[in-house]
Engineer: 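What follows is a single structure, and I will ask about it in a moment.
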Amino acid sequence: MSSHTNELGAPIVVIMGPPGSGKGTQGDLLEHSGVLKKVSTGDILRSHVKRGTDLGKKVSAIIDAGKFVSDEILAELVECELNSLAMTPVLLDGYPRNEKQAKNFGQSKAFSRLTKVIFLSVSKDFLVKRLLGRLVCSSCGATFHLKSFPPKVNGICDVCSGGLVSRNDDTREIVERRLTVYENETEPLLNYYNKLGLLETVDGRSDPKEVYTEIMSKINKITKNHRSTG
Ligand code: AP5
Ligand code: MG
């Protein structure tokens, strides 16, 4: 993992966008190429559910219903994760997701590391098709799609040969709810980060590799800035 730290710590890039916009897919591509480490609040919460921890038991039904887990739980979880990665450039996926979380993040130690907010712009008709066709590996979490990114062998993960499943929150009804929650709670944050001069919009409708290239062009600028000022 390349490091461009300064006295504040390594940069944090937030990736925002509606459910299905490709945040996780891009996070995986960026992590595999060694650019940034992906920290996904959704992945962390689902891992707690899978392991049956106290936190997992508390949040399982909330996630399956497409609602938000409490701001207090998220603040603690993210702070802990980011502090343990103080010297590692991070791509933060899934946080902050409402006004309160943005406020908590703004008051946290890690906020001084926030260098860019990438917004993946994708229209609703794309999102529903993507989410209803998504397949995830029950073992390693790799993401596929029935049509746009099918596995080589039906139902089997290309990476680890684990079984592919649909996420519990990827039903039509819950997807609609998640999109509404996103519009009401998360979308207003775009304006906030734009005013702070941190927002960059990327067209998330193109092929994943093209989206990746566009994100990289924004991140290269960041790392250059860090080299010159760090
Ligand atoms: P989370 O896991 O973050 O879900 P989400 O925001 O709804 O986003 P998704 O993971 O569904 O979509 P994505 O943008 O990652 O898309 P992906 O790359 O997989 O959160 C889940 C839940 O956890 C929340 O509902 C909440 O309960 C809880 N939670 C998490 N954070 C929280 C917070 N801060 N506060 C409170 N609660 C929180 O792609 C989707 C599909 O499209 C895949 O099949 C993929 O192969 C395909 N695809 C991706 N990119 C492309 C492309 N460019 N072209 C064609 N297909 C593509
Ligand atoms: Mg995701």
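Note that ligands are numbered from 1 as they come in the structure, with each ligand's atoms numbered from 1 the same way.
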Engineer: I need the atoms of ligand 1 closer than 4.0 Å to a non-hydrogen atom of Q101, numbered in the order shown.
Structural biologist: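 That gives atoms 33 (C), 34 (N), 35 (N), 36 (C) of ligand 1.
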Engineer: Report yes if R46 has an N/O atom closer than 3.5 Å to an N/O atom of ligand 1; otherwise report no.
Structural biologist: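 By distance alone, the answer is yes.
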Engineer: Using distance alone, decide if ligand 1 has a nitrogen or oxygen within less than 3.5 Å of any nitrogen or oxygen in S206.
Structural biologist: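 Right, the criterion is met.
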Engineer: Is it the side chain, the backbone, both or neither of Q26 that has a heavy atom closer than 4.0 Å to ligand 1?
Structural biologist: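 For Q26, no heavy atom sits under 4.0 Å from ligand 1.
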Engineer: Is there any salt bridge (charged side-chain N to carboxylate O under 4.0 Å, His left out) pair reaching into residues 118-129, and which pairs are they, with sequence neighbours excluded?
Structural biologist: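 Listed by first then second residue: K124-E176.
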Engineer: Can you find an N or O of R178 that's nearer than 3.5 Å to an N or O of ligand 1?
Structural biologist: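 Such a contact does occur with ligand 1.
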Engineer: Run through V78, I73, D93 and flag the one making a side-chain contact (heavy atoms from CB on, under 4.5 Å) with T41.
Structural biologist: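 Looking at V78, I73, D93, the match for T41 under the side-chain contact (heavy atoms from CB on, under 4.5 Å) is V78.
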Engineer: Ligand 1 versus P19, non-hydrogen atoms closer than 4.0 Å: side chain, backbone, both, neither?
Structural biologist: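 The answer is both.
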Engineer: Is R205 near ligand 1, meaning one of its heavy atoms is under 4.0 Å from it?
Structural biologist: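 The answer is no, since R205 has no heavy atom less than 4.0 Å from ligand 1.
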Engineer: Do K116 and I219 have side chains that get closer than 4.5 Å, going by heavy atoms?
Structural biologist: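 In short, these two side chains do not touch, never coming nearer than 4.5 Å.
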Engineer: Side chains of N98 and D71 only: does a donor on one sit below 3.5 Å from an acceptor on the other?
Structural biologist: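 Looking only at side-chain atoms, D71 and N98 do form a donor-acceptor pair, the distance falling under 3.5 Å.
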Engineer: Relative to ligand 1, is L45 under 4.0 angstrom through side chain, backbone, both or neither, heavy atoms considered?
Structural biologist: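 Side chain only.
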Engineer: Looking only at distance, does I62 have an N or O less than 3.5 Å from an N or O of ligand 1?
Structural biologist: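 Between I62 and ligand 1, no N or O pair is found under 3.5 Å apart.
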Engineer: Between Y212 and T25, is any side-chain donor less than 3.5 angstrom from a side-chain acceptor?
Structural biologist: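 There is no such pair between these side chains.
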